[in-house]
Amino acid sequence: MKLWYDAREILIGGQWRRTSDTLPVENPSTGTEMAQIARGTATDIDEAVAAAQSALHGAWGKTTAAERGRLLMRIGQMVAERADELAAIEAADVGKPLKQARADALALARYMEFYGGAADKVMGETIPYLNGYTVYTLREPHGVTGHIIPWNYPMQIIGRSVGAALAMGNACVLKPAEEACLTALAFARIAQEAGLPEGALNVVPGLGEEAGAALSAHPGINHISFTGSVHVGTLIQAAAARNVVPVTLELGGKSPQLVFNDADLDAALPFLVNAGIQNAGQTCSASSRILVERARYDEVITRMAERYKALQVGPADADLDVGPLISARQKEIVQGFIERGTDLEMAAQGRIVDQAPAGGHYVAPTLFGGVSAGHALAQQEIFGPVQVVIPFDDEGEAVQIANGTEFGLVASVWSRDGGRQMRMARALRAGQVFLNNYGAGGGVELPFGGIGKSGHGREKGFEALYGFSTLKTVAAHHG
Ligand code: NAI
Ligand code: MG
């Protein structure tokens, strides 16, 4: 793939430079090598953290909130202008259909616009206290923030995480995923061109266990934001604990949609299926469980199966419904899950198109029916285009099944009954509940994050600005 920049370079303190080692990047649609990226080391991370610390004492640390806001909006504008170019890179790198990649580029632009607009609207409070005192609070940046992000939605996650951190005046060190980091590098170039002061954003690609581990254990960082697997999330929290550094963890999910007897199925159906197969199911907030009240079960499974049979899987640039998985390893894991479903009713599968290159990591989207709530496919995160349909008998059982995994990221309720909507919204254990809709990662404005093993802390929306800042209370005694 032809890039307008050198993907082997890393960004430290405003300078682009090479590392001694590189890593190959695979195009998941073809299985062939498409670029080389830097293999950042612990030393590179040390230097990136030092550059971020200098930035806080330099030009970046002196910016006003309004200046940061204007700058982020300028970056957003430039990202939007280059959305097609960024989309083509992301589609090739991640394997996602072009229209999804373009939506991601526009989401990145929108995050910059949102956090740009919010930067100068984060305010403290004055607090009534004893006579002769004035007490107020200040929202201050943490300092250096570390961002370890995955390969499934690089642009979206940079937007929500780096965007909010910069708005609050933090200096960032970004460690993108080794499988897909090309848009992280492109974004940093654009931000620099827009006038982001040196050291405000440093980017060091590399392996998780090398550059990632070095960043999460670094004593010079003041906050870490991580999106990825539960396993690595626990490693990062443990590493940060040794330095008493706060972490935001956005991990996996097994997010349910609950379809009640009185649901508007015509409205629900596109959401029921799309939320499971979007980005080939490689979405933390994918809806992988569909819970259906028994009287509508046959109808739901039949109509979902019809949609599955029409799904076309192929290379990212063919812009079909579903692209390949990110790697041979992910494909093997997902196929393994599908094989564990031999005791289930396979309701339908999508079709891998004939022109899909043999080396690509394609998996046919698969819908399983009649699944019991305790089955491995109904409990574990699959991270592929696989959904299970589980029948239930009443509200109580629906809640029990919905809440019966170790995750709690997103849930949705399809029902026309307003009282039930309110009861469910309270009863469901999740960071986001959608009523008669479902947003897999949707909504820049909507605070997002999990409970249980889905993680903790909130990104997105205005709420993220509190997460990316620390509160100082000032108590003045003036008599
Ligand atoms: P991962 O958690 O290993 O990778 C995510 C990021 O963490 C990458 O930047 C990686 O380089 C970094 N990392 C890996 N090991 C690290 C370490 N020891 N210290 C610091 N950073 C480290 O996820 P992976 O292997 O790509 O996918 C495995 C599973 O994780 C998926 O099948 C899926 O279930 C889940 N996952 C969830 C995501 C989400 O959006 N919540 C995103 C990606 C994966
Ligand atoms: Mg990993």
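For ligands, and for the atoms within them, numbers begin at 1 and follow the listed sequence.
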Per-atom contacts, ligand 1 versus P150 - under 4.0 Å to a heavy atom: 42 (C), 43 (C)
Given that the side chain starts at C-beta and the backbone is N, CA, C, O, which of these parts of T283 lies under 4.0 Å from ligand 1, counting heavy atoms, or is it both or neither? neither
Point-to-point distance, once rounded to the nearest 0.5 Å, from CG of L86 to CG of D104: 10.5 Å
Quiz: residues 211-218 side-chain donor-acceptor pairs under 3.5 angstrom, not counting sequence neighbours:
residue, atom, partner, partner atom, Å
S216, OG, G212, O, 3.3
S216, OG, A213, O, 3.1
H218, ND1, G220, N, 2.8
H218, NE2, D46, OD1, 2.7

Numbered atoms and elements of ligand 1 in range of A213, under 4.0 angstrom, heavy atoms: 19 (N), 20 (C)
Can you confirm, on distance only, whether ligand 1 has an N/O atom lying under 3.5 Å from any N/O atom belonging to S216? no
Option nearest atom 25 (O) of ligand 1 (shortest heavy-atom distance, choices E381, Q330, R329): R329
Let's go through T248 and E459 carefully: what are the C-alpha distance in whole Å and the side-chain angles of both, what is the deciding distance for side chain to side chain donor-acceptor pair (under 3.5 Å) to 0.1 Å, and is it a yes or a no? CA-CA 8 Å; T248 297; E459 287 189 337; 5.1 Å; no
Ring centers of F271, W414 separated by less than 6.0 Å: yes
Check the angle between the aromatic planes of Y466 and F462 and answer parallel, tilted or perpendicular using the 30° and 60° thresholds. perpendicular
Would you find a donor on one side and an acceptor on the other, under 3.5 Å apart, between the side chain of N403 and the backbone of L428? no
T227, I148, V232: member with heavy atom nearest to atom 5 (C) of ligand 1: T227
Run the numbers for me: atoms of ligand 1, each under 4.0 Å from some heavy atom of E250, listed by number. 41 (N)
Nearest heavy atom to atom 41 (N) of ligand 1 wins, so pick from L251, T234, I224, I236. L251
With a 4.0 Å heavy-atom cut-off (strictly under), which part of Y153 contacts ligand 1: side chain, backbone, both or neither? neither
Relative to F114, does K460 satisfy both conditions: NZ or CZ under 6.0 angstrom from the six-membered ring centre, and within 45 degrees of the ring's axis? no
Would you mind listing which atoms of ligand 1 come within a distance below 4.0 Å of any non-hydrogen atom of I149? 6 (C), 8 (C), 9 (O)
Is it the side chain, the backbone, both or neither of Q380 that has a heavy atom closer than 4.0 Å to ligand 1? neither
Which of the atoms of ligand 1 are close to A177, meaning less than 4.0 Å from one of its heavy atoms? 8 (C), 9 (O)
Can a non-hydrogen atom of Q282 be found less than 4.0 Å from any atom of ligand 1? no
T283 and Q278: side chain donor to acceptor below 3.5 Å: no
Show which atoms of ligand 1 fall inside a sub-4.0 Å distance from at least one heavy-atom site of W151. 24 (P), 26 (O)
Per the ring pair (Phe, Tyr, Trp, His ring centres under 6.0 Å) rule, which among F187, F226, F468 passes with H147? F468
Numbering as shown, the atoms of ligand 1 that approach L235 to under 4.0 Å (heavy-atom distance): 18 (N)
Quick look: I333 vs ligand 1, heavy-atom contacts under 4.0 Å, and the answer is neither
Does a donor on one side chain sit under 3.5 Å from an acceptor on the other, for T366 and Q349? yes
Show me which atoms of ligand 1 lie under 4.0 Å from any heavy atom of G212. 19 (N), 20 (C), 21 (N)
Exactly one of I12, V204, N202 should register a side chain to side chain contact (heavy atoms under 4.5 Å, CB included) with I45. Which one does? V204
